[in-house]
Number of protein chains: 2
Amino acid sequence: MKAGPNIAAIAALVGDPARANMLTALMTGHALTATELAHEAGITLQTASSHLAKLHDGGLLTLRRQGRHRYFSLADNDVAQVLEGLMGLAARAGHLRARPGPREPALRNARVCYDHLAGDQGVRLYEALLSNKLLSVRSETATLTSHGKTFVTDFGVNLAPLESARRPLCRLCLDWSERRMHLAGALGAAFLHRFYELKWARREDGTRVVTFSKRGAEAFSALLA
Amino acid sequence: MKAGPNIAAIAALVGDPARANMLTALMTGHALTATELAHEAGITLQTASSHLAKLHDGGLLTLRRQGRHRYFSLADNDVAQVLEGLMGLAARAGHLRARPGPREPALRNARVCYDHLAGDQGVRLYEALLSNKLLSVRSETATLTSHGKTFVTDFGVNLAPLESARRPLCRLCLDWSERRMHLAGALGAAFLHRFYELKWARREDGTRVVTFSKRGAEAFSALLA
DNA sequence: CAAATGCTTCGATTAGGATCGAAGTATGAA
DNA sequence: TTCATACTTCGATCCTAATCGAAGCATTTG
């Protein structure tokens, strides 16, 4: 017997197909109700309720009661990151879902990872910030340079509330498709939110796919130049 | 049904206690035989054989036949990283192993993560390299600065074979205990190897714990200063 | 208040897979 | 060739946990 945390319990939680489907659905970053998650996983409400209780007990989900609804979401970005890691291993092992479908390439190009942009475009954003010296990396949390702060503010993101919040401003997250780092944390979320706001991009309903409009893609490229 | 890799299959592999024990044992980075792993997990050889076949099929383990032994090891650092991530979630959820024991603090201080140094000391090393500008981070793979190359060579690491190898020289890895980045990749492995060589540190038998000698700890601190 | 919606708990069924004994295969040593 | 070691395969057993129907609880709406 070895010392250390018991990973089997947590992994077993993710290891059930129904639960894995629910967790995958929550990777959009949206909070979903028990009913929605049951539908997503293709099981009855009773079964879903039991699964959700387990996931909640295991610390993978947070629960927000609102009226007669119970909204579940991923506990935090750490959970999302482990799920992305598992996706990486699964993709490599060739354990792709039944039908890769036409969405697969779109998913690799740009997708929501909990609440920030991942995929090829997510990596592009992160790398551009680095090479333009707007971001400097040190330990897990990157920090904005003074140039970076100006840049972000000019782009229309209000930094003050983000900086005072408990959540780290900049964090790094590893892609399963790109196998490279991209920007997470409050700033990562703020960027994606601003892209939506400017109508540069939008989320495909019920999926993690993010599509850039023609104008949005051009503006995005110009921003990174 | 969502698009994307099937994480349930992989997670289920890790989700069985016997298999999780084997994987945890392999986090030392040492290759182990089926018999050793069976003993480690507390199961018979037949059962272990079946589990190992599944882990191998799932791409989590690599197999090296040597004589009448079959040596299993983790497929690569990606697998180790996901396991570390799971440990982080498990530790947080309070799902610690039966008895934390006196090894737990030692494990947090310094331990082997696949083949490089993790824990508090691992983070110290990484941060010192960064703040002394011996290492610069960009995307997932950090790179040695020219000062860094001199430093590493002076320390007694032969860089040439590492640089020409297929394995990335510097990679980053996230701790479950420290929740911070530390140095992995060929260079991370080389550092740990050199620490052993200089007798600054040694591995506790059968565990992931790394203990620094008094002289070793002093020398290590001096190196990072 | 009653009715409807959203979710949980209980109980019974069922299926998958973890386990080990026994027998079989492969490699090495004598 | 014979024996021993290292491991795999087969088959039977057993147990956990996933599942859903039915009933119960909570909250909102009318």
Side-chain angles (χ1 to χ4, degrees), chain A residues 1 6-26 30-73 90 93 95 98, chain B residues 1 6-26 30-73 90 93 95 98:
Chain A
M1 283 291 160
N6 176 14
I7 60 176
I10 298 291
L13 283 177
V14 187
D16 178 81
R19 287 193 292 257
N21 281 334
M22 295 184 182
L23 291 169
T24 307
L26 289 171
H30 282 201
L32 297 173
T33 66
T35 311
E36 288 167 326
L37 287 166
H39 182 256
E40 200 69 45
I43 52 179
T44 63
L45 184 54
Q46 309 91 285
T47 308
S49 177
S50 143
H51 284 310
L52 289 169
K54 288 175 192 180
L55 289 172
H56 185 247
D57 287 351
L60 298 185
L61 297 185
T62 54
L63 171 60
R64 206 179 61 222
R65 293 160 198 259
Q66 197 160 289
R68 53 182 163 186
H69 292 276
R70 319 197 113 197
Y71 285 96
F72 290 91
S73 38
H95 284 175
Chain B
M1 285 289 164
N6 177 14
I7 60 176
I10 297 292
L13 284 177
V14 187
D16 178 81
R19 286 193 292 256
N21 281 334
M22 296 184 182
L23 291 170
T24 307
L26 289 171
H30 282 200
L32 296 173
T33 66
T35 310
E36 288 167 325
L37 287 166
H39 182 256
E40 201 70 45
I43 52 178
T44 62
L45 184 56
Q46 309 92 286
T47 309
S49 176
S50 143
H51 283 311
L52 290 168
K54 288 176 193 181
L55 289 172
H56 185 248
D57 287 351
L60 298 185
L61 298 185
T62 54
L63 171 58
R64 207 182 61 224
R65 294 159 197 259
Q66 197 161 291
R68 53 183 160 182
H69 291 277
R70 320 197 111 197
Y71 286 96
F72 290 92
S73 37
H95 286 174

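Just the heavy atoms: all of them, side chains too, but no hydrogens, waters or symmetry mates, feed the values below. Throughout, a chain's letter reflects where its sequence line sits, starting with A, and its residues are numbered from 1.
- Rounding to whole angstrom units, CE of residue M22(B) and C1' of dC7(D) are separated by 13 Å.
- Straight-line distance from the NE2 atom of H39(B) to the P atom of dC20(C): 13 Å, rounded to whole Å.
- With dA18(D), dA18(C), dG21(D) as the candidates, the nucleotide lying closest to the side chain of R19(B) is dA18(C).
- Counting heavy atoms from C-beta outward, H69(A) and T33(A) have side chains that approach closer than 4.5 Å.
- One can place CD1 of I43(A) at 11 Å from C1' of dC20(D), the figure rounded to the nearest angstrom.
- Side-chain contact check for F72(A) versus L32(A): every heavy-atom pair is 4.5 Å or farther apart.
- Between D57(B) atom CG and dT9(D) atom P the separation is 10 Å, expressed in whole Å.
- Across dC7(D), dC7(C), dA18(C), the shortest atom-to-atom separation from the side chain of H69(A) is found for dC7(C).
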Where do N or O atoms of nucleotides 8-15 of chain C meet protein N or O atoms at under 3.5 Å, pair by pair?
{"unit_1": "dT8(C)", "atom_1": "OP1", "unit_2": "R70(A)", "atom_2": "NH1", "d": "3.3"}
{"unit_1": "dT8(C)", "atom_1": "OP2", "unit_2": "S49(A)", "atom_2": "OG", "d": "2.4"}
{"unit_1": "dT8(C)", "atom_1": "O5'", "unit_2": "S49(A)", "atom_2": "OG", "d": "3.2"}

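- Between L32(A) atom CG and dC7(C) atom P there is a gap of 11 Å when expressed in whole angstrom units.
- Atom C1' of nucleotide dC7(D) and atom CD of E36(B) are separated by 13 Å, given to the nearest angstrom.
- There is no side-chain donor-acceptor pair under 3.5 Å between S50(A) and T47(A).
- Proximity of L60(B) to V14(B): side-chain heavy atoms (C-beta onward) are separated by under 4.5 Å at one or more points.
- The distance between atom CG of L37(B) and atom P of dT8(D), rounded to the nearest whole Å, is 11 Å.
- S49(A) and Q46(A) form no side-chain donor-acceptor contact under 3.5 Å, judged by distance and modelled atom types alone.
- The side chain of T35(A) lies closest to dG6(C) when the candidates are dA18(C), dG6(C), dT19(D).
- The closest side-chain heavy-atom distance from N21(A) to L37(A) is not below 4.5 Å.
- Atom CE in M22(B) sits 8.5 Å away from atom CG in D16(B) (nearest 0.5 Å).
- Residue L55(B) contributes atom CG, which lies 16 Å from atom C1' of dT8(D) at whole-angstrom precision.
- Counting only heavy atoms from C-beta on, K54(B) has its side chain closest to dA18(C) among dA18(D), dA18(C), dC7(C).
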